[in-house]
Amino acid sequence: MRLRPLVAGLAAGLFGSLAVLGCALADVFDPPGAAADIVFVFSDSILTVGDTVPLVVVVHTAAGDLANPHLRVTSLDPGLLQVNTRGDTLMALSQGRALLDVQLVSSVITGAAPDTVHAIRVRP
């Protein structure tokens, strides 16, 4: 007869654990969200001709900052500003206002961020 309280205690513990685990995993099973609240912050938006600088971008979202975000970076003005093949270095080639297309590559965030094109000024 002592087996019944043991089974009841184990069952209560199991159901309690499942309830806690279910609440913790609620965000995992939510559908992907839109990227409308993503903001890119660049470390440097004014370069001098001949500069080669690392591209440092912080991505702010409603859920918090993304550490080491995977970005796809393309220069829309390759005569003024080039991006190396890894996408982590900017090279200023000539004077003007270059446009840089930065896209967050994520399987969790769907859609395109509303403002992915950013101006980088290259001065003499």
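Everything numeric in this text was worked out from a predicted model, so none of it was measured. Both backbone and side-chain heavy atoms feed into the values below; hydrogens, waters and symmetry mates do not.
A donor-acceptor pair under 3.5 Å links the side-chain atoms of S75 to the main chain of L81, judged by distance alone. For the pair S45 (side chain) and A119 (backbone), a donor-acceptor distance under 3.5 Å is absent. Panel note: side chain D51, backbone A92; no donor-acceptor pair is recorded below 3.5 Å. The backbone N or O of D88 lies less than 3.5 Å from a partner atom in the side chain of N84, making a donor-acceptor pair.
In this structure, the separation between CG on L55 and CE on M91 is 11.0 Å, given to the nearest 0.5 Å.
Of all the heavy atoms in L80 and S94, the pair that sits closest is CD2-OG, 3.1 Å.
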Report the C-alpha separation of T48 and V122 in whole Å, then their side-chain angles, then the decisive distance to 0.1 Å, and conclude whether the side-chain contact (heavy atoms from CB on, under 4.5 Å) test is met. CA-CA 5 Å; T48 302; V122 180; over 6 Å; no
Does Q103 form a side chain to side chain donor-acceptor pair (under 3.5 Å) with D101? I'd like the steps, not just the answer. CA-CA 7 Å; Q103 296 175 358; D101 184 21; 3.3 Å; yes
Test side-chain contact (heavy atoms from CB on, under 4.5 Å) applied to L76 and L100, step by step: CA-CA 6 Å; L76 301 179; L100 200 61; over 6 Å; no
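Within the 4.5 Å cutoff, side-chain heavy atoms of T89 are placed close to those of T52. In this structure, the side chains of V49 and L93 stay at 4.5 Å or more apart for every pair of heavy atoms. In this structure the side chain of R97 never reaches within 4.5 angstrom of the side chain of I120, judged on heavy atoms.
Hydrophobic clustering (ILVMFWY, side-chain heavy atoms < 4.5 Å, transitive): V73 and V53 are in one cluster.
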